[in-house]
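Just so we're on the same page: letters track the sequence lines, and every chain starts at 1.
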There are 2 protein chains.
Amino acid sequence: MGGRASVAKSAMPKGVEPEPRLSRASVGRLSLYLRRLEVLLREGAAKVSSGTLGEALGVTDAQVRKDLAYLGHLGHPGVGYAAPELVAAIRRALGIDREWRVALAGVGNLGRALLRYRGFAERGFRVAALFDADPAKVRQRVDGLEVHPPEAMAQVLPALGVELGVLTVPAEAAQVVADAMVTAGVRGLLTFAPGVLRLPAGVSVVSVDLTVQLEQLAFLVQLSGGD
Amino acid sequence: MGGRASVAKSAMPKGVEPEPRLSRASVGRLSLYLRRLEVLLREGAAKVSSGTLGEALGVTDAQVRKDLAYLGHLGHPGVGYAAPELVAAIRRALGIDREWRVALAGVGNLGRALLRYRGFAERGFRVAALFDADPAKVRQRVDGLEVHPPEAMAQVLPALGVELGVLTVPAEAAQVVADAMVTAGVRGLLTFAPGVLRLPAGVSVVSVDLTVQLEQLAFLVQLSGGD
DNA sequence: GGATGTGAACGACTTCACAGCG
DNA sequence: CGCTGTGAAGTCGTTCACATCC
């Protein structure tokens with residue numbers, strides 16, 4: 001097709017350094033390093049090398065060093081990394097060196113499962129509000145939290161300082177609920193609904209699409225078993 | 001440590017074609033195209049172009065064509081792709097042009113949520129057996145399926161022709177249950193437990209790590225809001 | 001004209017290899 | 001010596017651009 005010019009970076013005159021940024025893949029690995037480090041710390045390890053850190057995760061030592069190099073000069077040649085410092089540095093880089101207030105919409109089985117999942121609280125993600133469109137669920141208490149109707153978002157979320165939203169609602173409702181959350185000031189969404197959300201710039205989205213994951217698996221199995 | 005080196009290509013004399021393989025990212029997009037195509041088909045569209053297919057998904061037309069080119073020469077220049085044929089070709093490529101029997105281990109909230117999720121059945125994934133280590137749950141019926149104890153895997157799974165396993169068990173149990181499933185003949189696992197599974201070659205794994213996802217989100221929000 | 005398929009350019013991520021430091 | 005940090009090389013995936021065909 002002809003000139004789908006697209007605006008892009010035309011406004012940028014030049015000169016600005018590329019400034020290496022933490023890549024998406026690196027961020028995912030940092031999460032894994034963090035978890036591994038916590039295990040190693042509990043086992044009493046004070047120092048870790050890039051080799052030992054990556055080993056159990058299937059990551060090469062060179063990759064580990066590259067990832068960690070983004071955080072600054074934390075390693076000591078010939079020795080390794082000081083585990084506690086490394087944990088602190090990773091937490092800061094990931095933005096989890098503080099508490100995040102989270103709202104959860106859709107108190108079905110999936111929502112309840114996430115609510116009880118310890119991993120979240122351990123990392124500073126605190127579910128502060130629940131929402132559900134089902135009148136039978138509204139005003140009930142789940143894990144000590146009252147379920148609010150969706151209309152209450154604009155009032156409740158800012159009051160509680162909620163910045164993140166988790167969507168465990170049916171696919172049909174996802175876009176509407178997402179819009180309501182964004183209007184109420186939420187700046188990031190983790191959605192489990194299939195399909196793509198259209199959101200204003202400045203709002204981040206991470207999508208966990210279970211169908212896509214299962215299809216990936218089917219593909220891999222077919223490949224390896226393709227005899 | 002070494003070991004993983006495997007053959008590498010240094011030993012390759014030459015001559016053998018690289019044979020382009022469907023990349024992981026491409027496979028993920030094919031899933032999305034498939035879902036989009038089904039919507040378009042319901043709306044009565046018989047032909048689609050790479051532009052219209054990718055538009056709603058945020059994928060460029062060139063990317064769509066590259067992805068679809070792996071499936072063979074399906075497009076008609078000046079016209080586009082015939083939607084029904086494309087659907088069939090994608091299903092075949094992903095290995096979902098047939099039914100897959102699935103076993104689910106861990107009948108907690110998350111397990112129940114997946115069990116009721118329609119998207120799986122629509123794509124030919126049939127949950128054929130349930131397992132749980134909790135004696136209170138064993139022998140109960142959930143969604144018409146009896147819950148078996150883990151010891152029954154070796155007997156039940158081969159009998160039902162189960163090839164895929166879904167793990168919604170606590171982190172501590174994941175490796176043991178995974179091993180049991182593999183022993184019982186399962187060739188692919190979708191796990192929701194945090195942590196890395198060590199499995200024999202030939203068994204595929206897709207891991208959905210919710211903590212990693214949330215941390216990705218926190219990182220993105222911190223980035224965009226880092227003003 | 002309209003849209004595909006595809007080499008070539010480009011960019012992003014990973015691995016290699018080694019200098020340098022404790 | 002062991003292990004880090006990092007340029008260089010290599011690999012993989014995406015975007016561009018255009019010849020080609022209906």
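The residues B:Glu122 and B:Arg35 are annotated as not salt-bridged, no charged nitrogen and carboxylate oxygen being separated by less than 4.0 angstrom.
For the side chain to side chain contact (heavy atoms under 4.5 Å, CB included) test with B:Tyr81, the passing option among B:Val87, B:Leu74, B:Leu37 is B:Leu74; the others fail.
Whole-Å rounding puts the B:Leu53 CG to C:dA3 C1' distance at 13 Å. Atom OH in A:Tyr81 sits about 17 Å away from atom P in D:dG2, given to the nearest Å. Whole-Å rounding puts the A:Arg65 CZ to C:dG20 C1' distance at 13 Å. Between the CG atom of A:Asp61 and the P atom of D:dT4 there is a distance of 8 Å, rounded to whole Å. Atoms CG (A:Asp67) and C1' (D:dG5) sit 13 Å apart, rounded to a whole Å. In this entry the distance linking CG of B:Leu22 with C1' of D:dG13 reads 13 Å, nearest Å. Atom P of nucleotide C:dG20 and atom NE2 of A:His73 are separated by 15 Å, given to the nearest angstrom. Distance A:Leu86 CG to D:dG5 C1': 15 Å, rounded to the nearest Å.
If B:Gly80 and A:Val79 are placed on DNA chain C by their nearest nucleotide, the residue sitting closer to the 5' end is B:Gly80.
Judged by distance alone, with hydrogens and angles left aside, the side-chain atoms of A:Ser204 form no donor-acceptor pair with the main-chain N or O of B:Leu217 at under 3.5 Å. Between the side chain of A:Glu163 and the backbone N or O of A:Trp100 there is no donor-acceptor pair closer than 3.5 Å. Proximity of a side-chain donor or acceptor of B:Arg36 to a complementary backbone N or O of B:Leu53 within less than 3.5 Å is not detected.
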Practice problem: Assess whether side-chain contact (heavy atoms from CB on, under 4.5 Å) is satisfied between A:Arg123 and B:Leu214, documenting all intermediate values. | Solution: CA-CA 9 Å; A:Arg123 282 293 207 290; B:Leu214 247 195; over 6 Å; no
Quiz item: Is there a side-chain contact (heavy atoms from CB on, under 4.5 Å) between A:Leu197 and A:Leu167 once you walk through the steps?
Solution: CA-CA 11 Å; A:Leu197 293 177; A:Leu167 265 55; 4.2 Å; yes
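Contact between the side-chain N/O atoms of B:Ser49 and the OP1/OP2 oxygens of C:dA3 is not found at any separation under 4.0 Å. One finds no side-chain N or O of A:Ser50 lying less than 4.0 angstrom from the OP1 or OP2 phosphate oxygen of D:dC3.
Looking at heavy-atom distances under 4.0 Å, A:Gly78 makes contact with a base. As judged by a 4.0 angstrom heavy-atom cut-off over every strand, A:Leu74 is placed among residues touching the sugar-phosphate backbone only. Using a 4.0 Å heavy-atom distance criterion, A:Ser26 is classed as making no nucleic acid contact.
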Interface polar pairs with nucleotides 7-13 of chain C, N/O, under 3.5 angstrom:
{"residue": "C:dG7", "atom": "O6", "partner": "B:Lys66", "partner atom": "NZ", "Å": "3.0"}

